[in-house]
Each structure stands twice: as C-alpha cells, then as structure tokens.
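Only one structure is covered here, and it is reproduced in the block below.
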There are 2 protein chains.
Amino acid sequence: MGEVFAVLADPTRRRLVEVLHDGEQSVTELVAAVAIQQPGVSRHLRILHEAGLVTVRASGQRRLYSLRRQPLREMEAWMRRYAHDERDRLGRLADFVDGPAAKPSARNRK
Amino acid sequence: MGEVFAVLADPTRRRLVEVLHDGEQSVTELVAAVAIQQPGVSRHLRILHEAGLVTVRASGQRRLYSLRRQPLREMEAWMRRYAHDERDRLGRLADFVDGPAAKPSARNRK
DNA sequence: TGTGTATATACACGTTTGGATATGCTGGGC
DNA sequence: GCCCAGCATATCCAAACGTGTATATACACA
C-alpha cells in the first residue's frame, strides 16, 4: 500500500489521476494535460499501472487509460485514521455529508 | 498541499505520524519506534515540521513532538475526491458509517 | 507495401533523497 | 564548573528519480 503514497508524491502523476477522474483518456489527451513530453507521460503511466492505479485498453493504435479507484480508497482509509482525532466521530460524519466544499463547522474553528 | 504528499511518501515518516497519533512523544521515544538512527529521525522530524505536520514543544532537554492533523485533512479531502466515483453518494456515506473494516457492500463487488 | 501517427522503450544526465557517521549545542544534576 | 543525556546539524555517499532526446514498435490507411 505504501507504494501508492510514493507514486502519488509526484505532481505530474497526481495531475494524471485528476484528469483520468473525468473518464478514460488516450495518451495523447493526457500529454496535452501536463507539462512534460510524451515519453515522460508514458513512463508515468507505466508507474501508475504497476501500482494498480490505472488500467489500459487498446483501441486501434490508441491506448485508453482509466482510473482504478481501489488503491486510492485504501490510501484514503489510512488518511482517515490519522487525519482525525479519535473522538468527535459525529462531527466527522457531518463533514462527510456536507462534503469538502462545506464551510468549517464550529468544532473545526481554532 | 502537494508538499504533504511528498513528505508522506517516505515510510519512516508515515511511521512517525502513526506513532504520534497516540500523542505527544519525545525524540528518544520516536527513535525507539523506527528502524533508523537518531540523526535520521531528527531530520525526518524537521521535514515533518516544515510541512506543518508536527509541532514541537521544549520540556527540559527533551523536545516533545505532536501531530498537526490539519494538513492530513486537506490531503484526505483530495483523496476523497478521486477515490470515489461521482455517483453513488449514499453508498459512500454507508461505507463511512461502517468504517474501513466493514465488509464490502454489494455495490462494491465486481 | 509504404507512410504517417500513436505509443513505448533505451539511454544519458543532473538532481534529489535517505542513511550512517561524526560533531556541535543545550540544559540538568552533581 | 563539569559531565552526561537529549537532540540537532554537517558531511559524505550510494541509490533512486524525473526529464529530454533518440529510437523502436504497432497499427491504420491509401
């Protein structure tokens, strides 16, 4: 699992994940979304694939990549354990329901 | 924010976060919890501190470190965005209530 | 079959990283 | 004031990393 942390440490790879969140994309489309050359993107995609973060599907001469969310969920579970105090479980539930965009609740204010 | 991803890419630093989750710890205690020498731990603690992940408090000749959860929460928010599909919001809520240990629900099965 | 396009791999290079060892600094007890 | 414990900083080193350029491979289409 720690593998995923290292893989997402790179900003370009995080960007790829963000773009793939919108759905299946070809390498060319992904190249257009980042700041490096195509071979670099292919290499990052290989790393993402080896970490189980993407799947590939050939379509003609294109290779269509899509996001695999399972490893992200495991990483999210780790974050959830340590991002919050053990107490205040109801408050966390409220945050989850409100979503990330919600204003901080009273309990989160300094 | 991407700083935090890079900082937590290192397994030793993640271990330190896990240990600090139990509460304030001195450097000596932290050294006992990991597999490297004291200078290495001090360096990791500096990196964690610069990323805002820990705070320090002097107590005699000891330095007591504790966890700052705010950056972890921001990182968790990123994870939450991409670890889940946009649809199926109610299902995610159920997962959250059940916690990570819960059996996968029907909706998660292939 | 030949040519262009889409993607992957090879190679070389500079930079960053994490570790060990050695040393410096500070505060407490005698 | 001395000495020891706790911790930080300096230095060196090997390994890993990310990038660009060049090249290879695979498929499409005429």
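Below, chain A is the first sequence line, B the second, and so on; all start at residue 1.
Checking side-chain atoms of Ser59(A) against main-chain N and O of Arg62(A) turns up no donor-acceptor pair under 3.5 Å.
If you check every strand for non-hydrogen atoms under 4.0 Å, Arg46(B) touches sugar and phosphate atoms only. Using a 4.0 Å heavy-atom criterion, one finds that Gly60(B) contacts the sugar-phosphate atoms exclusively.
A close approach under 4.0 Å does occur between a side-chain nitrogen or oxygen of Arg13(B) and OP1 or OP2 of dG18(C).
A salt bridge links Arg15(A) with Glu18(A): the closest approach of a Lys/Arg side-chain nitrogen to an acidic carboxylate oxygen falls below 4.0 angstrom.
We find that NE2 of His44(B) is positioned 9 Å from P of dA20(C), with the value rounded to whole Å. Summarising the geometry, the separation between CG on Leu16(B) and C1' on dG18(C) is reported as 13 Å, rounded to the nearest angstrom. Per the geometry, CD belonging to Gln61(B) stands 8 Å off P belonging to dG29(C), to the nearest Å. Between Gln37(B) atom CD and dT23(C) atom P the separation is 16 Å, expressed in whole Å.
Among the candidates Thr55(B), Leu53(B), Leu48(B), the single residue satisfying the side chain to side chain contact (heavy atoms under 4.5 Å, CB included) test with Arg68(B) is Thr55(B).
Residues Leu45(A) and Val56(A) share a single hydrophobic cluster, defined by chaining ILVMFWY side chains whose heavy atoms lie under 4.5 Å apart. A continuous path of ILVMFWY side-chain contacts below 4.5 Å connects Val54(B) to Ile47(B), so both sit in one hydrophobic cluster. In the hydrophobic clustering of this structure, Leu30(B) does not group with Leu64(B); members are Ile, Leu, Val, Met, Phe, Trp, Tyr whose side-chain heavy atoms approach within less than 4.5 Å, directly or through other members.
For the pair Gln38(B) and Arg43(B), both in contact range of DNA chain C, the more 5′-proximal nearest nucleotide belongs to Arg43(B). Comparing Pro39(A) and Arg62(B), the nucleotide of DNA chain D nearest to each residue sits closer to the 5' end for Arg62(B).
Evaluation of the salt bridge (charged side-chain N to carboxylate O under 4.0 Å, His left out) rule for Arg14(B) yields no partner, not counting sequence neighbours.
For the helix from dT1(C)-dA30(D) to dC30(C)-dG1(D), the rotation axes defined at the first and last 5 base pairs enclose an angle of 20°, given to the nearest 10°.
From the 5' end on, the contacts that DNA chain D makes with chain B at under 4.0 Å to a non-hydrogen atom open and close at dA5(D) to dT9(D).
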Exercise. Run the numbers on His21(B) and Arg81(A) for side-chain contact (heavy atoms from CB on, under 4.5 Å), then give the verdict.
Key: CA-CA 9 Å; His21(B) 184 239; Arg81(A) 267 196 290 282; 5.8 Å; no
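For the pair Leu8(B) and Trp78(A), the minimum side-chain heavy-atom distance is below 4.5 Å.
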